[in-house]
J.: 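Take a look at this one; I'll ask things after.
All of these numbers come straight from a predicted model, not from anything done at the bench.
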Amino acid sequence: MNRRTLLAALAAVAVLGTSAQAADAPKDIVDTAVAAGSFKTLATALTAAGLIDTLKGAGPFTVFAPTDEAFAKLPAGTLEGLLKDKAKLTAILTYHVVPGKVMAADVVKLKGAKTVQGSSVTIDTTKGVKVDGANVVKTDIACSNGVIHVIDAVILPKM
């Protein structure tokens, strides 16, 4: 193998190695949720509220993310109404977000946490972990700008 061929081969390996590392890098909160496939309604709501760029930002954020099934539990017409009321939708979605990266080991030590919306959620660890009555069903989904904890209900601030 001549020197030029060897250098070309090494350059190709370097490029492939960089691409593989980039593919393995953690995604931000929004991209992680979209890739999971069970947060389509949340993604739609975040888009309607204009919060995509915020949750793709530096953070860190802790998101208590309701699944599509959680949104389906809302009374008929509720989601459609919220999607038309940006202020109310934003308040509800930011109520699901806590500033900072709060891992499950930290959440279980808390009785509550102040949300980005301004109100505090109640955390109950007596029988599993509940946030404002919603069960935390999956924890510590690491993202480049925070962490996602999956919940089985949409939590609502007192408005």
J.: Minimum heavy-atom separation for G146 and P60, please, with both atom names.
T.: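 It is CA-CB, 4.3 Å.
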J.: Using modelled atom types and a 3.5 Å cut-off, is there a donor and acceptor pairing between side-chain atoms of T125 and backbone atoms of V129?
T.: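 Side chain of T125 to backbone of V129: no pair is present.
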J.: Any link between L110 and V97 through a network of hydrophobic side chains (Ile, Leu, Val, Met, Phe, Trp, Tyr) touching at under 4.5 Å?
T.: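 In one cluster: no.
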J.: How long is the gap from OG1 on T32 to NZ on K27, to the nearest 0.5 Å?
T.: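 Reported to 0.5 Å precision, the distance equals 6.5 Å.
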J.: Membership question, hydrophobic clusters at under 4.5 Å side-chain separation (ILVMFWY): are I148 and I123 in the same one?
T.: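 Unlinked, I123 and I148 end up in two clusters.
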J.: Begin from the C-alpha positions of I155 and H96 and carry the test side-chain contact (heavy atoms from CB on, under 4.5 Å) through to its verdict.
T.: CA-CA 7 Å; I155 55 177; H96 287 78; 3.2 Å; yes
J.: Decide side-chain contact (heavy atoms from CB on, under 4.5 Å) for F39 and T67; before the verdict, give the C-alpha distance in whole Å, the side-chain angles of both, and the deciding distance to 0.1 Å.
T.: CA-CA 5 Å; F39 300 102; T67 61; 4.0 Å; yes
J.: My understanding is that only residues two or more places apart in sequence, or in another chain, count here; which of them pass ring pair (Phe, Tyr, Trp, His ring centres under 6.0 Å) with H149?
T.: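 By the ring pair (Phe, Tyr, Trp, His ring centres under 6.0 Å) rule, H149 matches F64.
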J.: L42, V121: one ILVMFWY side-chain cluster at the under-4.5 Å cut-off?
T.: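 No, separate clusters.
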J.: For N135, which residues count as a side chain to side chain contact (heavy atoms under 4.5 Å, CB included) partner, sequence neighbours excluded?
T.: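 Once residues adjacent in sequence are excluded, the partners of N135 under the side chain to side chain contact (heavy atoms under 4.5 Å, CB included) criterion are K130, V137, D152.
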J.: Is there a path of hydrophobic side-chain contacts, each under 4.5 Å between heavy atoms of I/L/V/M/F/W/Y residues, joining V147 to L46?
T.: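 No, because L46 and V147 fall into different hydrophobic clusters, even though each may have its own neighbours under 4.5 Å.
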J.: With sequence neighbours left out, which residue pairs that include part of residues 92-109 fulfil the salt bridge (charged side-chain N to carboxylate O under 4.0 Å, His left out) condition?
T.: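 For residues 92-109, and leaving out neighbouring residues, there are no salt bridge (charged side-chain N to carboxylate O under 4.0 Å, His left out) pairs at all.
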J.: Judged by atom type as modelled, is there a donor-acceptor pair below 3.5 Å linking the side chain of N145 to the main-chain atoms of I29?
T.: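 Between the backbone of I29 and the side chain of N145 there is a qualifying donor-acceptor contact (under 3.5 Å).
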J.: Return the NZ to CG distance between K86 and L51, rounded to the nearest 0.5 Å.
T.: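 The NZ atom of K86 sits 8.0 Å away from the CG atom of L51.
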J.: Taking all atoms of both residues into account, what is the closest heavy-atom pair of V63 and L55, and its distance?
T.: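 Distance-wise, the nearest heavy atoms are CG2-CD2, 4.3 Å.
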J.: Tell me the closest heavy-atom pair linking L93 and A45, and the distance in Å.
T.: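 Distance-wise, the nearest heavy atoms are CD1-O, 3.4 Å.
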J.: Could I get the full list of side-chain hydrogen bond (donor to acceptor under 3.5 Å, both in side chains) partners for D68, not counting sequence neighbours?
T.: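 Once residues adjacent in sequence are excluded, the partners of D68 under the side-chain hydrogen bond (donor to acceptor under 3.5 Å, both in side chains) criterion are T41.
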J.: Verify the cluster assignment for V107 and I141: are they in a single hydrophobic cluster under the rule of side-chain heavy atoms below 4.5 Å apart?
T.: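 As far as the 4.5 Å side-chain criterion goes, I141 and V107 are not connected within one cluster.
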J.: Heavy-atom distance under 4.5 Å between the side chains of Y95 and L156, does that happen here?
T.: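 Y95 does not reach L156 side chain to side chain.
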J.: Answer yes or no: are there more than 12 heavy-atom neighbours, outside K114 itself, under 6.0 Å from its atom NZ?
T.: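 Count not over threshold, so no.
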J.: Which residues pass the salt bridge (charged side-chain N to carboxylate O under 4.0 Å, His left out) test with K56, sequence neighbours left out?
T.: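 Partners of K56 under the salt bridge (charged side-chain N to carboxylate O under 4.0 Å, His left out) test: D28, D31.
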J.: Would you call T44 and L79 a side-chain contact if the rule is heavy atoms closer than 4.5 Å?
T.: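 When only atoms from C-beta onward are counted, L79 and T44 do not touch, as no gap falls below 4.5 Å.
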J.: Looking only at atom types and distance, does a side-chain atom of T94 sit under 3.5 Å from a main-chain N or O of V116, one as donor and one as acceptor?
T.: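 Answer holds: no.
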J.: Please enumerate all residues that pass side chain to side chain contact (heavy atoms under 4.5 Å, CB included) together with A48, with sequence neighbours excluded.
T.: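 For A48 the side chain to side chain contact (heavy atoms under 4.5 Å, CB included) partners, ignoring immediate neighbours, are L83, L89.
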J.: Mind checking the NZ-CG spacing from K111 to D124? Nearest 0.5 Å is all I need.
T.: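 Answer rounded to 0.5 Å: 7.5 Å.
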J.: Quick check against the 3.5 Å criterion: does D132 have a side-chain atom that pairs as donor or acceptor with the backbone of T122?
T.: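 Pair found, side chain donor or acceptor close to backbone of T122.
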J.: Restricting to non-hydrogen atoms, name the atom on I52 and the atom on A43 that form the minimum distance, rounded to 0.1 Å.
T.: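 Of all heavy-atom pairs spanning I52 and A43, the closest is CD1-O, 4.2 Å.
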